[in-house]
Amino acid sequence: MAPFSINESFGAQDQKVIAPLYAKANLDFVSGKGSYLFDREGNKYLDFISGIATNALGHCHPVLVEAFKNQLEKLIHLSNLFPNYPQIEFAEKLLTVTGFDKAFFCNSGTEANEGAIKFARKYFNRKGEKDRTQIVTFYNSFHGRTFGALSATGQPALREGFGDMPAGFTHVEWNDTEALKAKVNEKTCAIMLEPLAAEGGILTPSAEMIKTIAELREKFGCLVITDEIQTGVGRLGTFCGAAFYGIPADIATFAKAIGAGLPLGAVLMKQLIADELRAGDHGTTFGGNPVACTGGLALVNIVSEPAFLENVKARSAELKAGIAELIRKFGFLGEARGEGLLLGFTSERPVSEILAKAREEKLLVHRAGTNTVRFLPPLNVSSAEIGEALKKMNKALSAL
Ligand SMILES: Cc1ncc(COP(=O)(O)O)c(C=O)c1O
């Protein structure tokens with residue numbers, strides 16, 4: 001392999017050594033502060049992707065940096081062979097904030113969903129309902145890339161070429177309550193959904209669908225698993241996205257923002273499910289790492305404050321108003337999507353063109369589904385930064 005040249009872009013170097021699994025933008029970021037990222041030349045980009053809804057307090061928030069540093073000097077890794085105090089403290093906080101009873105920590109969103117699926121199945125198995133294994137999920141959902149989570153994910157294209165998938169997953173169209181009623185029965189172990197289908201195009205649940213899920217859960221005694229990996233940790237202006245919509249949940253999965261930028265996932269569950277789990281049923285070496293949990297606790301202490309969540313709602317209203325204005329102005333834009341600070345608009349023009357033009361304006365935004373531009377600012381974004389993003393987007397759309 002040819003040695004790297006200092007003048008080569010990171011993109012060129014990346015292609016030589018990193019497996020080609022991502023379509024990366026050719027930008028060379030080296031540092032971040034708050035809502036901004038800086039490249040090698042010192043150019044400043046307004047980051048409304050936030051590491052895909054992960055940097056909830058922006059880049060290198062001083063409280064998080066301090067928390068990480070303190071824990072790094074005490075204990076970096078312990079394993080789950082011993083109780084881990086940062087994990088205990090963080091679990092207690094999460095359970096207090098969400099109303100769940102027990103926590104299991106892992107390292108990512110897909111792993112959190114694997115855990116949730118296994119716990120739901122084990123719950124019924126231990127209760128003697130051994131053939132209650134069916135999981136009903138939705139088309140256009142995204143639950144992760146490992147086999148269980150991928151089977152739950154309602155995007156057949158993502159499963160292509162990977163051979164047999166684990167059995168027991170059924171998909172229905174989002175908001176199709178008749179299809180949902182037709183699929184849920186005594187064999188249903190769980191209905192699994194994102195409170196708002198983010199990757200699938202920022203699709204919000206209808207009141208009818210929420211009501212139907214609650215009725216089916218009651219009628220058949222199945223569990224509801226909410227995937228809060230993108231909607232949780234305050235993204236919709238409530239700590240859990242399910243609370244925003246009033247979706248009942250027996251198990252909720254978290255990742256992304258929950259580790260304050262380090263890999264961390266969590267499965268929160270009701271006591272009745274924890275009662276049916278035993279040592280050895282599931283596990284992970286790194287899950288609930290002390291450093292990630294310390295950062296997560298520092299972050300959740302901030303994000304769960306009512307005044308902080310009010311700020312998310314206020315900034316959301318500003319961004320929503322600005323998006324509505326853009327839709328009025330540019331005829332090729334379609335409809336506004338989303339809630340909280342998970343917002344977007346659909347476009348008849350290719351989303352890739354809009355993202356590229358926005359990057360020229362030094363604004364980073366992301367796609368959702370096939371035709372939706374997605375804004376994921378940090379949750380502590382300022383009003384001025386929302387205004388700046390809208391101005392940049394206006395210029396980007398004008399330049400198309
Ligand atoms: C709703 C949802 N679930 C699960 C995942 C998978 O998380 P991870 O990439 O950490 O495995 C994602 C990632 O985008 C997500 O948005």
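Counting convention: from 1, in listed order, for ligands and their atoms alike. Just so we're clear, the structure is a prediction, and the values are computed from it rather than from any experiment.
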(request) Have a look at ligand 1 and work out which part of Lys256, if any, has a heavy atom under 4.0 Å from it: side chain, backbone, both or neither. (result) side chain
(message) Quick check for you: to the nearest 0.5 Å, what is the distance between Leu272 atom CG and Lys270 atom NZ?
(response) 7.5 Å
(message) Taking the side chain as everything from C-beta on, heavy atoms only, tell me whether Leu268 gets closer than 4.5 Å to Ile251.
(response) no
(request) Examine the proximity of ligand 1 to Glu111 and report which part, side chain or backbone, both or neither, has a heavy atom under 4.0 Å away. (result) neither
(request) Check each of Thr231, Asp227, Thr226 against atom 3 (N) of ligand 1 and report the one with the nearest heavy atom. (result) Asp227
(request) Find the distance between CE (Met393) and CD1 (Ile323) and round it off to the nearest 0.5 Å. (result) 8.5 Å
(message) Yes or no, since that's all I need: does a protein heavy atom fall within a distance strictly under 4.0 Å of atom 7 (O) of ligand 1?
(response) yes
(request) Look up atom CZ in Arg349 and atom CG in Leu333, then write down how far apart they are to the nearest 0.5 Å. (result) 10.0 Å
(request) State the atoms of ligand 1, each with its element, that fall below the 4.0 Å cut-off from a heavy-atom position in Glu199. (result) 14 (O), 16 (O)
(request) Heavy-atom distances under 4.0 Å are what count here, so tell me which part of Ile229 touches ligand 1: side chain, backbone, both or neither. (result) side chain
(message) How far is atom 16 (O) of ligand 1 from the closest protein heavy atom, and which atom is that?
(response) Gln230 NE2, 2.8 Å
(request) Return the residue, atom name and 0.1 Å-rounded distance of the protein heavy atom closest to atom 10 (O) of ligand 1. (result) Gly109 N, 2.8 Å
(message) For His143, which part has a heavy atom under 4.0 Å from ligand 1: side chain, backbone, both, or neither?
(response) backbone
(request) Measure centre to centre between the rings of Phe286 and His77, then say whether the value is under 6.0 Å. (result) yes
(request) Check each heavy atom of Ile52 against ligand 1 and say whether those closer than 4.0 Å belong to the side chain, the backbone, both or neither. (result) neither
(request) Could you list the atoms of ligand 1 found under 4.0 angstrom from a heavy atom of Glu194? (result) 1 (C)
(request) Around atom 11 (O) of ligand 1, find the nearest protein heavy atom and jot down its residue, atom name and distance. (result) Thr110 N, 2.8 Å
(message) Return the CZ to OG1 distance between Phe169 and Thr133, rounded to the nearest 0.5 Å.
(response) 9.0 Å
(request) Measure the shortest side-chain to side-chain distance between Phe68 and Val291 over non-hydrogen atoms and say whether it is less than 4.5 angstrom. (result) yes
(message) So, taking the atom named CZ in Phe220 and the one named CD1 in Ile191, what distance separates them when rounded to the nearest 0.5 Å?
(response) 9.5 Å
(request) Using a strict 4.0 Å cut-off to heavy atoms of Asn113, name the atoms of ligand 1 that fall inside it. (result) 3 (N), 4 (C)
(message) For atom 2 (C) of ligand 1, what's the nearest protein heavy-atom neighbour? Residue, atom name and distance, please.
(response) Phe142 O, 3.2 Å
(message) On the six-membered ring of Tyr45, is Lys362 placed so that its NZ or CZ lies under 6.0 angstrom from the centre and within 45° of the ring axis?
(response) yes
